[in-house]
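Here's the structure, in structure tokens; my notes come after.
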Number of protein chains: 2
Amino acid sequence: MTRLLPLADEPARERADAARNREAILAAALRLVETQGVDSVTMDTVASEAGVGKGTLFRRFESREGLMAAVLNTSETQWQASVLSGPPPLGPGAPAMERLLAFGHSRLRTNLTHASLIEAAGKAGQRSVAAMSFANLHARYLLRELGVDGDLQLLATALLAPLEAVVLEQQVTRDRIPVERVEAGWDDLVRRVVGA
Amino acid sequence: MTRLLPLADEPARERADAARNREAILAAALRLVETQGVDSVTMDTVASEAGVGKGTLFRRFESREGLMAAVLNTSETQWQASVLSGPPPLGPGAPAMERLLAFGHSRLRTNLTHASLIEAAGKAGQRSVAAMSFANLHARYLLRELGVDGDLQLLATALLAPLEAVVLEQQVTRDRIPVERVEAGWDDLVRRVVGA
DNA sequence: AATAGAAGCGGACCGCGGTCCGTTTAAGCC
DNA sequence: GGCTTAAACGGACCGCGGTCCGCTTCTATT
């Protein structure tokens, strides 16, 4: 009853074993995904490989999608870092237009590389604070920098939409369109939208 | 052994009971989806409701996604009809630009309306001959009509991507962007791309 | 009408994602 | 160190999508 207080709404610290388990799970998941491919990784396998009960997985990660989203988040974070502080033209230092083009290419390649993982992460991947909103925000920033006016949030969304993994997969895998052509298409789109 | 022949590669006609069952299944599925919502419709339910064994469902429709895609296909076909021969500005008779704008609005509303079904249809929905490729084809046609040059296939894909159900759901449901604003955003995008 | 054989059928069965709840354990307090 | 209690644990359990295979039914042929 006596709640002698964690300050205000402190996030209620994670217990030591809980933290250990979370990392073990993530590590196991990552390893299994890399070795066997996303689709053949089952929750039971991850659990036993991490030396943990199944219930634990679901308490920490909500669902299979959530776990995959967490795994995905690792590389997503790295990508964000290289956008924010990596070498130009992706990182800062190049003219806005070049950055925007590089941004698209990089996003395109990344999404293609992780396509199956992204799919497995499903909606959990999109709602993850990081993923969509960071890219959108950054695109908006570059558009503003380029002097584009209009509803930048929607414009950014429209530019990013054709870079989504599902769309790319369709183009590259089913329609056999070479990646370079898709890249060129995006460049064209950007130039039209920016009005250069 | 003696194959006294169906002509060349005739499609091997569907047996009468098979056809009857297929329709019963589709009807049951449609009804259940409408009354209970996609997510709570199970294959067992559809089967028993259609008075058919579970195996039959899967033989005819491959998977749950396939069944949902088939259900979706019904309304998709209607939509196609109204694009091809409905009243303007969606159907023929209006100037290309108006048609293109109307096309986007209509697609947007349709996709939002069927969002959950589309999601349930998953990749089966996209590979369905009809859905994606018809829209893409029509968009290409209108772009050509408008004198746009460039890689029309990619341009069409880029224009359609932001109208995908997943993207729209994100905008309308999570980000609370009013539909009218999304529509306006698409109009803006189209004008920039066409260069009007 | 009889018959052969392929096409179709259906439900028992399986594996996996997800839940539930009795048990264990870490961590603050004396 | 003992005690308390809330958090965390883990595995038995459930429902659903999907498969499999022995049985039934249609249809072409004579």
Side-chain angles (χ1 to χ4, degrees), chain A residues 1-7 10-26 28-29 32-33 36-71 119-124, chain B residues 1-7 10-26 28-29 32-33 36-71 119-124:
Chain A
M1 220 23 102
T2 51
R3 259 258 174 190
L4 45 127
L5 84 144
L7 322 169
E10 187 178 318
R13 271 221 353 255
E14 187 178 32
R15 239 168 69 170
D17 54 346
R20 221 179 311 123
N21 280 336
R22 207 193 52 246
E23 288 196 28
I25 292 170
L26 261 177
L32 288 170
V33 165
Q36 323 187 350
V38 183
D39 296 339
S40 58
V41 175
T42 77
M43 294 302 264
D44 287 271
T45 309
V46 175
S48 83
E49 197 74 6
V52 144
K54 203 184 188 179
T56 305
L57 257 73
F58 283 90
R59 192 167 337 91
R60 318 295 307 169
F61 298 99
E62 277 276 285
S63 65
R64 190 192 139 96
E65 292 195 348
L67 176 57
M68 294 313 178
V71 171
E119 195 195 338
K123 42 196 58 162
Chain B
M1 213 33 97
T2 52
R3 258 261 177 186
L4 44 128
L5 86 140
L7 322 169
E10 186 179 319
R13 271 224 351 256
E14 185 179 32
R15 240 167 67 174
D17 53 346
R20 222 179 309 122
N21 279 335
R22 208 192 53 245
E23 287 196 29
I25 293 170
L26 261 176
L32 287 170
V33 164
Q36 324 185 351
V38 183
D39 296 339
S40 56
V41 174
T42 78
M43 294 301 266
D44 287 272
T45 310
V46 175
S48 84
E49 197 74 7
V52 143
K54 204 184 188 179
T56 305
L57 258 73
F58 283 91
R59 190 168 339 90
R60 318 293 310 167
F61 298 99
E62 278 275 284
S63 64
R64 190 191 138 97
E65 293 196 348
L67 176 56
M68 294 312 177
V71 171
E119 195 195 337
K123 42 198 55 162

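Proteins get letters first, then strands, A, B, ... in listed order; numbering begins at 1 in each. Just so you know, these numbers use all the heavy atoms, side chains as well, and skip hydrogens, waters and symmetry mates.
Of the candidate nucleotides C:dT19, D:dG17, C:dC16, C:dT19 has the atom nearest to the side chain of A:Phe58. Minimum atom distance to the side chain of A:Arg59 is reached by D:dC9, of the listed C:dC9, D:dC9, D:dG17. Side chain of A:Ala18, nearest nucleotide from D:dG10, C:dC9, D:dA8: D:dA8. Nearest to the side chain of A:Ser63, among C:dG18, C:dG10, D:dA8, sits C:dG18. In this structure, the nucleotide among D:dG10, C:dG17, D:dG17 sitting nearest to the side chain of A:Met43 is C:dG17. Among C:dC13, C:dG10, D:dC9, the nucleotide with an atom closest to any side-chain atom of B:Lys54 is C:dC13.
Following rounding to the nearest Å, A:Arg60 (CZ) and D:dA7 (P) show an atom-to-atom distance of 12 Å. Protein atom CZ of B:Arg22 is 11 Å distant from nucleotide atom P of C:dC9, rounded to whole Å. Distance, B:Leu67 CG to D:dC16 C1': 14 Å, rounded to whole Å. Atom P of nucleotide D:dG15 and atom CZ of B:Arg64 are separated by 17 Å, given to the nearest angstrom. Taking atom CG of A:Asp44 as the reference point, atom P of C:dC14 lies 16 Å away to the nearest angstrom. One atom, CD of B:Glu65, and another, P of D:dC16, lie 18 Å apart when rounded to the nearest Å. Atom CG in B:Asp39 sits roughly 13 Å away from atom P in D:dC16 (whole-Å rounding). The interatomic distance linking A:Arg20 (CZ) with C:dT25 (C1') rounds to 11 Å, in whole Å.
Counting all heavy atoms, side chain and backbone alike, B:Ala70 lies closest to B:Phe61 at CB-CE2, 3.7 Å. Closest of all the heavy-atom pairs between B:Arg64 and B:Phe58 is N-CE2, 4.3 Å.
The CZ atom of B:Arg22 lies 14.0 Å from the CZ atom of B:Arg15; values are rounded to the nearest 0.5 Å. To the nearest 0.5 Å, the span separating NZ on A:Lys54 from OG1 on A:Thr42 amounts to 8.0 Å.
The base of D:dA7 sits within donor-acceptor range of the side chain of A:Arg15, with an N or O pair under 3.5 Å.
Residue B:Glu23 qualifies as open at atom CD: its count of foreign heavy atoms under 6.0 Å is 12 or below.
The shortest distance between the side-chain N/O atoms of B:Asn21 and the OP1/OP2 oxygens of C:dC9 is below 4.0 Å. The shortest distance between the side-chain N/O atoms of B:Thr42 and the OP1/OP2 oxygens of D:dC16 is not below 4.0 Å.
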